Amino acid sequence: MSKYTPIPTFHEWAIGGFIQVWRVMRPMDLIFPDAETPTRPTHKVGKGISRRIESVASQKEVPGRKLKSAAKDIPTTSGTKSQIMMRLEKMVDESDIMHGAIRSIDFDEGVFGAAHFEIIAKEDMQQLFEHDELGIAVIHTYIWYMYVTLMRGTELCNRFNFIAASRINATLITKNPTSVKNDLVDRFMAAGDNTTPSLYFLPFNSGNGGHWVLVAMDLSRLIVYYLDSLSGDWSKYPSMKKTVDAAIIKFRSKKNYRNRKDITWVRVQCPQQNNSVDCGFFVLRFMRDIIALNRIDIPKMYFEEYKSYSRAHLDEMKDELCQFIVDQRII
């Protein structure tokens, strides 16, 4: 594995993460980190977006007001494709991505606590267009969208933090739990003293292209919220819980904070999916709503505003991301 290496930021882009030699994984190998990593391109076109022909196989407003305004501009009918999605789909069809090209996108430190880059390929775009299971690239890119749209330049950056899904997941915990624990501690350390309430969002994948859940950690109050769009709780992932608990305790020890009580895990009665593909969309929607409502404390019965999610709620997010991809000239 390579050491973390800063990457130059670019105009009006704000997202971050840990850099390591990773590729963005396709649905069939979503979490396996051992595959070959595309070498970093040296020639860049546009602002922060590298364009390259290569086979992927070888490579201070109220937040809710901003979201509602964006959604109003992008009408969505459940189960149908909006104009912005059809526009982006046409752009992809006419681009070199359809012939195996990729886009390497540099992020800055605003989201994941260090510089980060993501690879966008044909498969990632198809996940949006076909409403398929989401991989890490789409999860991370929507996180970037939320950061730019809701958080950048506001006090929300002190209240909400993101942890890269490519760094903390079931497969990596099985291989080297100590390394994963230390990575998590490093992420906590990068964000400041954590003495005031804030949330760390961890989109957690069960491994082997499996299920997505959201783990939201409040380090100051020693509360971990668990949101799963399928039935069950954290007992399904005992190694994940053990690693998270150990990381929180180690972080507080390094900061010389007194552990006045045990860590409390709360299973949130969140909206539930009704198919086998929506878990990634639900995890993104959970984060979106929590940030938009500016709520550090997540009610055990979830928010009155969002007791359930319709297909239109998920389509709205896809349209937001499609518009963002067009605006950022990724394709």
Side-chain angles (χ1 to χ4, degrees), residues 7-15 17 19 22-30 35-59 70 73-76 79-108 111 116-149 165-166 209 277 280-281 284 314-331:
I7 300 177
T9 58
F10 47 88
H11 178 70
E12 289 297 323
W13 286 38
I15 192 169
I19 277 198
W22 299 97
R23 66 170 173 152
V24 173
M25 291 157 268
R26 306 277 71 85
M28 72 286 292
D29 59 355
L30 178 64
E36 177 184 355
T37 303
T39 55
R40 296 298 309 279
T42 56
H43 176 65
K44 295 184 178 180
V45 177
K47 295 180 172 63
I49 306 171
S50 303
R51 300 182 183 241
R52 171 185 181 190
I53 305 293
E54 178 180 44
S55 168
V56 174
S58 70
Q59 49 153 63
D73 294 337
I74 308 173
T76 302
T80 64
K81 291 183 179 180
S82 65
Q83 290 185 350
I84 186 60
M85 180 175 286
M86 290 188 291
R87 176 185 172 189
L88 179 58
E89 192 168 16
K90 185 174 186 293
M91 292 171 63
V92 171
D93 287 343
E94 295 174 350
S95 75
D96 53 7
I97 286 182
M98 295 303 295
H99 305 288
I102 61 174
R103 301 292 186 265
S104 177
I105 308 170
D106 289 346
F107 301 161
D108 71 4
V111 172
H116 178 87
F117 79 95
E118 203 69 60
I119 302 294
I120 301 294
K122 172 182 171 183
E123 290 85 351
D124 305 303
M125 305 309 303
Q126 289 176 332
Q127 291 166 14
L128 282 179
F129 301 150
E130 304 303 327
H131 196 90
D132 204 351
E133 297 178 28
L134 296 185
I136 287 177
V138 177
I139 295 288
H140 283 177
T141 305
Y142 191 82
I143 286 174
W144 165 35
Y145 159 77
M146 289 190 291
Y147 179 81
V148 171
T149 305
S166 55
V277 301
F281 292 102
L284 294 176
L314 309 186
D315 288 345
E316 180 182 35
M317 292 193 307
K318 291 190 295 183
D319 288 345
E320 290 167 350
L321 186 53
C322 287
Q323 184 69 62
F324 187 68
I325 291 171
V326 170
D327 292 343
Q328 296 296 328
R329 298 187 297 171
I330 293 176
I331 304 304

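All values reported here derive from a predicted model rather than from experimental measurement.
Residues Leu128 and Met85 approach most closely at O-CE, 3.7 Å, considering heavy atoms. Of all heavy-atom pairs between Ala137 and Thr141, the closest is O-OG1, 2.7 Å. Closest approach of His140 and Ala165 over heavy atoms only: NE2-N, 3.0 Å.
Using cut-offs of 30° and 60° for the angle between ring planes, the Phe107 and His116 rings count as parallel. Between His131 and Phe281, the two ring planes are parallel [angle under 30°; tilted spans 30° to 60°].
Within the 4.5 Å cutoff, no side-chain heavy atoms of Glu133 are placed close to those of Gln127. Contact of the Trp144 side chain with the Glu118 side chain is not registered, since no non-hydrogen atoms from C-beta on lie closer than 4.5 Å. Using a 4.5 Å heavy-atom threshold, the side chains of Arg103 and Asp96 count as touching. Using a 4.5 Å cut-off on side-chain heavy atoms (C-beta onward), Leu284 and Leu134 make contact. Residues Lys318 and Leu321 have side chains not in contact (no heavy-atom distance under 4.5 Å, counting atoms from C-beta outward).
Atom SG in Cys322 sits 13.0 Å away from atom CD in Gln83 (nearest 0.5 Å). Distance CD1/Ile143 to CE/Met146: 5.5 Å, rounded to 0.5 Å. Atom CD1 of Ile325 and atom CD1 of Ile84 lie 9.5 Å apart (nearest 0.5 Å). Note: Ile105 CD1 to Gln328 CD = 9.0 Å, rounded to the nearest 0.5 Å. Tyr142 OH to Met317 CE: the interatomic distance, rounded to the nearest 0.5 Å, is 5.5 Å.
Glu130 pairs by the side chain to side chain contact (heavy atoms under 4.5 Å, CB included) definition with Lys81, Glu89, not counting sequence neighbours. Residues passing the side chain to side chain contact (heavy atoms under 4.5 Å, CB included) test with Asp327 are Gln323, sequence neighbours excluded.
In this structure, the side chain of Ser95 engages the main chain of Val92 through a donor-acceptor pair within 3.5 Å. A side-chain donor-acceptor contact under 3.5 Å links Asp124 to the backbone of Ala121.
Under the 4.0 Å criterion applied to side-chain N and carboxylate O atoms, Lys90 and Asp93 are not assigned as salt-bridge partners.
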Report task. Could you check Leu88 against Met125 for side-chain contact (heavy atoms from CB on, under 4.5 Å), going step by step and ending with a plain yes or no? Result -> CA-CA 9 Å; Leu88 179 58; Met125 305 309 303; 3.6 Å; yes
